[in-house]
Amino acid sequence: MAKSLVSVLIDTYNHERFIEPAIVSVLEQDFPESEREIIVVDDGSTDGTPEIVKKFEPRVRLLRKENGGQASAFNAGIPECKGEIVAFLDGDDWWAHGKLQAVATAFDSEPAIGLIGHGITEVFPDGGQHVQLLKEVHRFRADSETGARAFRLRKSFLGTSRMTIRGAVLRQIGRVPEALTIQADEYLFTLAAFSADVLILREALTFYRLHGGNAFQVADGNAQTLRRKQRVLESLAKAIAAKLEGQKMKASVARIAVEAIETEAELIRLSLDAGLPWETVRAELRNYRIMHPDASPAHWLFKWLALLPSCVMPSRNYYSLRQSFSQNRVYRKAREKWLPFLQHEHVDRFWTTRL
């Protein structure tokens, strides 16, 4: 079977340090140039990003727009994509060799698949690399309670730079709410997972760069950035809930996906504000149930004990105290010896160094 035409959509904003390696990683794929197009949407960069992209014309098509965030970039770029499948890449990440061939082959082998993700390599500023892989290739659809639970524990393999979606599925989803200045990828891959089969390949085919400008990853605890993420997550939950309701999705199934997003937003709010003790306990227990459905009685007992301080202090103080404990070497060694931190059994993780 002839390969489908693939559109590669790169969204970028002030990535002058990173955009060239991202584009080169696409151009160097073992995939026929005649069967793919590359579109870069520049979301109003104020640095030299557009000039760097122009160096690759005409092999790369540059679309420039005023700054509006990730959703607006997707809304500008997706309608321009001519491919039967659309592979997404952030302008500060890059792909492993063989990425396009792997996903295109998988799509061609099974028409019911509408969304493909895969393993990921996180790259840290010091050159360290953290690889996350599924232990086995997994296929599901999120339109049942079992499928929705599988989805919410595996969605980290479906974000931008990992997700490739059929054009027909994207057209069915339509425009992305532009309030999603970040997290727009989660809107797309969540709705795609409810309308088509999802396949997650084991291979780590994306290098996800962690740096100070990451819009999604908030490593430094900046309150303003966290507040922005909280509000976007709240908007994301409402938008997905409304879309699934409009599609007549069973409420109990939709709730499984939406609950996880709402809980993440609530935990951020509680870390920033003086929330009530019962709010902290409720949100923490809900999140633990979502993230660790197979936790042992011993782990649940430890979770309850760890929450005791939250019963007598505002939520912001509790999270500050917990952060101090998590950075304490004695505490971490004791946990590793007596009650190791829970890891998802379906995920392989290992550290390596950059060559």
Side-chain angles (χ1 to χ4, degrees), residues 6-12 15 18 21-23 25-26 29 31 36 38 70-71 73-74 77-78 81 83 85-107 113-124 129-142 150-167 169-170 173 176 180 182-194 196-211 214-217 236 257 260-261 344 346-349:
V6 177
S7 295
V8 177
L9 182 59
I10 304 175
D11 65 296
T12 186
H15 287 151
F18 312 125
I23 294 173
S25 77
V26 180
Q29 292 289 307
F31 197 84
R36 60 110 174 100
I38 305 172
Q70 190 181 44
F74 285 170
I78 291 173
C81 293
I85 60 176
V86 180
F88 294 79
L89 176 63
D90 275 334
D92 51 351
D93 300 333
W94 74 95
W95 285 340
H97 194 67
K99 149 88 176 198
L100 282 185
Q101 191 68 252
V103 297
T105 298
F107 273 115
I113 294 173
L115 166 64
I116 292 178
H118 50 69
I120 180 174
T121 300
E122 297 175 314
V123 182
F124 291 79
Q129 296 187 358
H130 181 232
V131 182
Q132 298 183 55
L133 311 170
L134 277 184
K135 291 186 176 179
E136 57 184 35
V137 174
H138 197 79
R139 180 171 172 177
F140 59 92
R141 186 182 290 219
F151 163 77
R152 73 182 182 186
L153 287 179
R154 292 164 176 82
K155 63 183 183 179
S156 63
F157 297 101
L158 296 171
T160 314
S161 302
R162 287 143 281 174
M163 67 181 189
T164 304
I165 306 176
R166 284 200 190 273
V169 174
L170 288 171
I173 294 171
V176 184
L180 306 181
I182 57 174
Q183 305 279 152
D185 56 332
E186 186 161 357
Y187 180 83
L188 290 177
F189 70 65
T190 299
L191 295 177
F194 275 88
D197 284 9
V198 182
L199 178 68
I200 301 178
L201 304 175
R202 175 172 164 79
E203 297 85 356
L205 299 174
T206 285
F207 292 89
Y208 179 83
R209 194 191 304 269
L210 294 159
H211 59 91
N214 282 117
F216 174 71
Q217 297 289 343
L236 174 67
I261 303 169
H344 291 133
H346 60 277
V347 178
D348 281 330
R349 305 169 188 268

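A distance of 11.5 Å separates CG of Leu133 from CG of Leu201, quoted to the nearest 0.5 Å. Rounding to the nearest 0.5 Å gives a distance of 5.0 Å between CZ of Phe88 and CG of Leu170. One distance of note links CZ of Arg152 with OG1 of Thr190; it measures 12.5 Å at 0.5 Å rounding. The CZ atom of Arg141 sits 10.5 Å away from atom CD1 of Ile113, with the distance rounded to the nearest 0.5 Å. Note that the CZ atom of Arg154 and the NE2 atom of His344 stand 9.0 Å from one another [nearest 0.5 Å]. The NE2 atom of His118 sits 9.5 Å away from the CG atom of Leu158 when rounded to the nearest 0.5 Å.
At a threshold of 4.5 Å between non-hydrogen side-chain atoms, the residues Leu115 and Val169 do not count as touching. Side-chain contact between Ile200 and Arg162 is absent, with no heavy-atom pair separated by less than 4.5 Å. Side-chain contact between Thr164 and Lys99: present, with at least one pair of heavy atoms (C-beta onward) separated by less than 4.5 Å. Between Ile261 and Lys155 there is a side-chain heavy-atom pair separated by less than 4.5 Å. The shortest distance between side-chain heavy atoms of His346 and Leu134 falls below 4.5 Å.
The two residues Asp92 and His211 make their nearest non-hydrogen contact at OD2-NE2, 2.7 Å. Heavy atoms only, all atoms of each residue included: Ile85 and Ala104 are closest at CD1-CA, 4.1 Å. Taking both residues in full, the closest heavy atoms of Ala87 and Leu100 are given as CB-CD2, 4.1 Å, listed atom of the first, atom of the second, then distance. What you find for Asp93 and Ala22 is that their closest heavy atoms are O-CB, 3.1 Å. Scanning both residues, Arg36 and Val26, for their nearest heavy atoms gives NE-O, 4.4 Å. Taking every heavy atom of both residues into account, Ala106 and Leu199 meet most closely at CB-CD2, 3.8 Å.
Under 4.0 Å is where a charged nitrogen must lie from a carboxylate oxygen, and between Arg202 and Asp348 at least one such pair does.
Residue Trp94 is tested with Tyr208, Phe18, Phe207 for a ring-ring contact (aromatic ring centres under 6.0 Å, His included); the sole match is Phe207. Shown are Asp11, Thr206, Asp185; of these, the side-chain hydrogen bond (donor to acceptor under 3.5 Å, both in side chains) with Thr160 is made only by Asp185. The side chain to side chain contact (heavy atoms under 4.5 Å, CB included) with Leu89 is formed by just one residue from the set Ile38, Leu9, Ile23, Ile10; it is Ile10.
Judged purely by atom type and a 3.5 angstrom limit, Ser161 uses its side chain to pair as donor or acceptor with the backbone of Asp90. Using a distance-only test at 3.5 Å, with no hydrogens or angles considered, a donor-acceptor pair links the side chain of Gln29 to the main chain of Ala96.
The side-chain contact (heavy atoms from CB on, under 4.5 Å) search around Ala71 returns Val176, Leu180, Ala184, not counting sequence neighbours. Checked against side-chain contact (heavy atoms from CB on, under 4.5 Å), Thr12 has the following partners two or more places apart in sequence or in another chain: His15, Ile19, Val40, Asp42, Thr49. With sequence neighbours excluded, the residues that form a side-chain contact (heavy atoms from CB on, under 4.5 Å) with Ala142 are Phe151, Ala193, Phe194.
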Step-by-step side-chain contact (heavy atoms from CB on, under 4.5 Å) determination, Val8 to Phe31: CA-CA 12 Å; Val8 177; Phe31 197 84; over 6 Å; no
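In this structure, the ring of His138 has its center no less than 6.0 angstrom from the ring center of Phe157.
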